[in-house]
Amino acid sequence: MYAISLGDDGAELRPLEPWHAEEFFAHLERGREFIGRFINFGSQETDVESARAMLQRYAEMRAADTRSLHGLWLNGKLVGGVLFLNFDAASGNCEVGCWLEPAGTGRGLVTRAMRVLIDWAVEERGIHRIEWVAASGNQPSLNVARRLGMTRDGVRREAHPYGGVRHDLEVWSVLAPEWRAARARAAHDDH
């Protein structure tokens, strides 16, 4: 279909679709423990068919314009992804998120991919508010929100019971005017 280069290191953002089920399941198996530290993404997908069913659900939600998955490939290997968890064009709000297996960490892949998604949401779809929610203990995820220029709106204390612990959830956001201003500054600084 398409691939968007995320730099000169072999990283690409591509659609993640049902026909990727075998590759997606292998990726989940490699990253299951790491991914599952703070989120249950992929935890119910225990074979290729359940992985395919998950990808099909997201394909249907993408068609309904409510959610979507986008894979991150590094040198031809699926290592994670970014997603719209909630997408509401009518209200101008969306929530974004990510997941990675260990092989995809420490390279800025999520930040680079998220810039593509947010640019599209703001410029093509008219989204006004982009939200990022992460457990307070998930520092890599919180660091992405910071690198994207998001503002910490607040903390939902002990709002996320997961893995036998009640995690605080931090809510971060960026508004379309802030995003555009930051992108304009970055473009100016590049010249």
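All heavy atoms count here, side chains included; hydrogens, waters and symmetry mates do not.
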Subject >> Euclidean distance, Leu85 CG relative to Arg67 CZ, rounded to 0.5 Å >> reply: 6.0 Å
Original post:
When rounded to the nearest 0.5 angstrom, what is the spacing between CG in Asn86 and CD in Glu95?
Top reply: 5.5 Å
Subject >> Pair Arg183 + Asp119: basic N to acidic O under 4.0 Å >> reply: yes
**OP:** Considering only NZ, NE, NH1 and NH2 on the basic side and carboxylate oxygens on the acidic side, decide whether Arg57 and Glu60 come within less than 4.0 Å.
**Re:** no
Original post:
Quick one: are Val174 and Leu148 in side-chain contact, heavy atoms under 4.5 Å?
Top reply: no
Original post:
Are the charged groups of Arg129 and Asp153 less than 4.0 angstrom apart, N to O?
Top reply: yes
**OP:** With rounding to the nearest 0.5 Å, note down the distance linking NE2 in His160 to CD1 in Ile39.
**Re:** 8.5 Å
**OP:** Under the side-chain contact (heavy atoms from CB on, under 4.5 Å) rule, what do Ile35 and Trp99 come out as? Steps first, then yes or no, please.
**Re:** CA-CA 6 Å; Ile35 294 166; Trp99 77 95; 3.7 Å; yes
Original post:
Got more than 12 heavy atoms from elsewhere within 6.0 Å of CD, Glu33?
Top reply: no
**OP:** With rounding to the nearest 0.5 Å, note down the distance linking CZ in Arg107 to CG in Leu6.
**Re:** 12.5 Å
**OP:** Could you tell me whether the side chain of Ser141 and the main chain of Asn138 form a donor-acceptor pair under 3.5 Å?
**Re:** no
Original post:
Should Thr151 and Leu175 count as side-chain neighbours, where that means a heavy-atom distance under 4.5 Å?
Top reply: no
**OP:** Check the angle between the aromatic planes of Phe38 and His167 and answer parallel, tilted or perpendicular using the 30° and 60° thresholds.
**Re:** perpendicular
**OP:** Kindly state whether the ring of Trp179 and the ring of His128 have centres lying under 6.0 angstrom apart.
**Re:** no
**OP:** Indicate yes or no: at least one non-hydrogen side-chain atom of Val82 is less than 4.5 angstrom from one of Val110.
**Re:** yes
Original post:
Rounded to the nearest 0.5 Å, how far does CG of Leu13 lie from CG of Leu117?
Top reply: 6.5 Å
Subject >> Phe24 and Phe41 aromatic ring geometry - parallel, tilted or perpendicular at 30°/60° bounds >> reply: perpendicular
Subject >> Distance under 6.0 Å and angle within 45° of ring axis: Arg37 vs Phe34 >> reply: yes
Subject >> Minimum side-chain heavy-atom gap Cys98-Trp132 below 4.5 Å >> reply: yes
**OP:** Could you tell me whether Arg180 and Glu178 have a side-chain N and a carboxylate O separated by less than 4.0 Å?
**Re:** no
Original post:
Are Glu23 and Arg14 within salt-bridge range, i.e. N to O under 4.0 Å?
Top reply: no
Original post:
More than 12 foreign heavy atoms under 6.0 Å from CD of Glu22: is that the case here?
Top reply: no
Subject >> Partner residues of Thr46 under the side chain to side chain donor-acceptor pair (under 3.5 Å) criterion, sequence neighbours left out >> reply: none
**OP:** Dump the intermediate steps for side-chain contact (heavy atoms from CB on, under 4.5 Å) on Leu142 and Arg147, then the final yes or no.
**Re:** CA-CA 9 Å; Leu142 300 176; Arg147 284 192 294 272; over 6 Å; no
Original post:
Within a radius of less than 6.0 Å around CZ of Arg157, do more than 12 heavy atoms belonging to other residues, nucleotides or ligands occur?
Top reply: no
**OP:** Verify the distance criterion only: is there a donor paired with an acceptor across the side chains of Glu12 and Ser5 at less than 3.5 Å?
**Re:** no
**OP:** For residues Arg52 and Asp47, determine if any side-chain heavy atom of one lies less than 4.5 Å from a side-chain heavy atom of the other.
**Re:** no
**OP:** Would you tell me whether Asn40 and Ser43 have side-chain atoms, one donor and one acceptor, within less than 3.5 Å of each other?
**Re:** no
**OP:** Evaluate the criterion side-chain contact (heavy atoms from CB on, under 4.5 Å) for residue pair Ile130 and Val122; output intermediate values, then yes/no.
**Re:** CA-CA 9 Å; Ile130 299 93; Val122 169; 3.6 Å; yes
**OP:** Kindly determine whether Met114 and Val96 satisfy side-chain contact (heavy atoms from CB on, under 4.5 Å), including the steps that lead there.
**Re:** CA-CA 8 Å; Met114 200 55 69; Val96 293; 3.6 Å; yes
**OP:** Using modelled atom types only, decide if a donor and an acceptor are shared between the side chain of Asp168 and the backbone of Glu158 within a distance under 3.5 Å.
**Re:** yes
**OP:** Answer whether the closest heavy-atom distance between the side chains of Val133 and Glu170 falls below 4.5 Å.
**Re:** no
Original post:
Roughly how far apart are His27 NE2 and Lys77 NZ, rounded to 0.5 Å?
Top reply: 10.5 Å
Original post:
So, do Leu69 and Tyr58 sit near enough that their side-chain heavy atoms are less than 4.5 Å apart?
Top reply: yes
Subject >> Parallel, tilted or perpendicular: ring planes of His70 versus Phe84, cut at 30 and 60 degrees >> reply: perpendicular
Original post:
Is the side chain of Arg62 donor-acceptor paired with the backbone N or O of Ser68 at a distance under 3.5 Å, no angle test?
Top reply: no
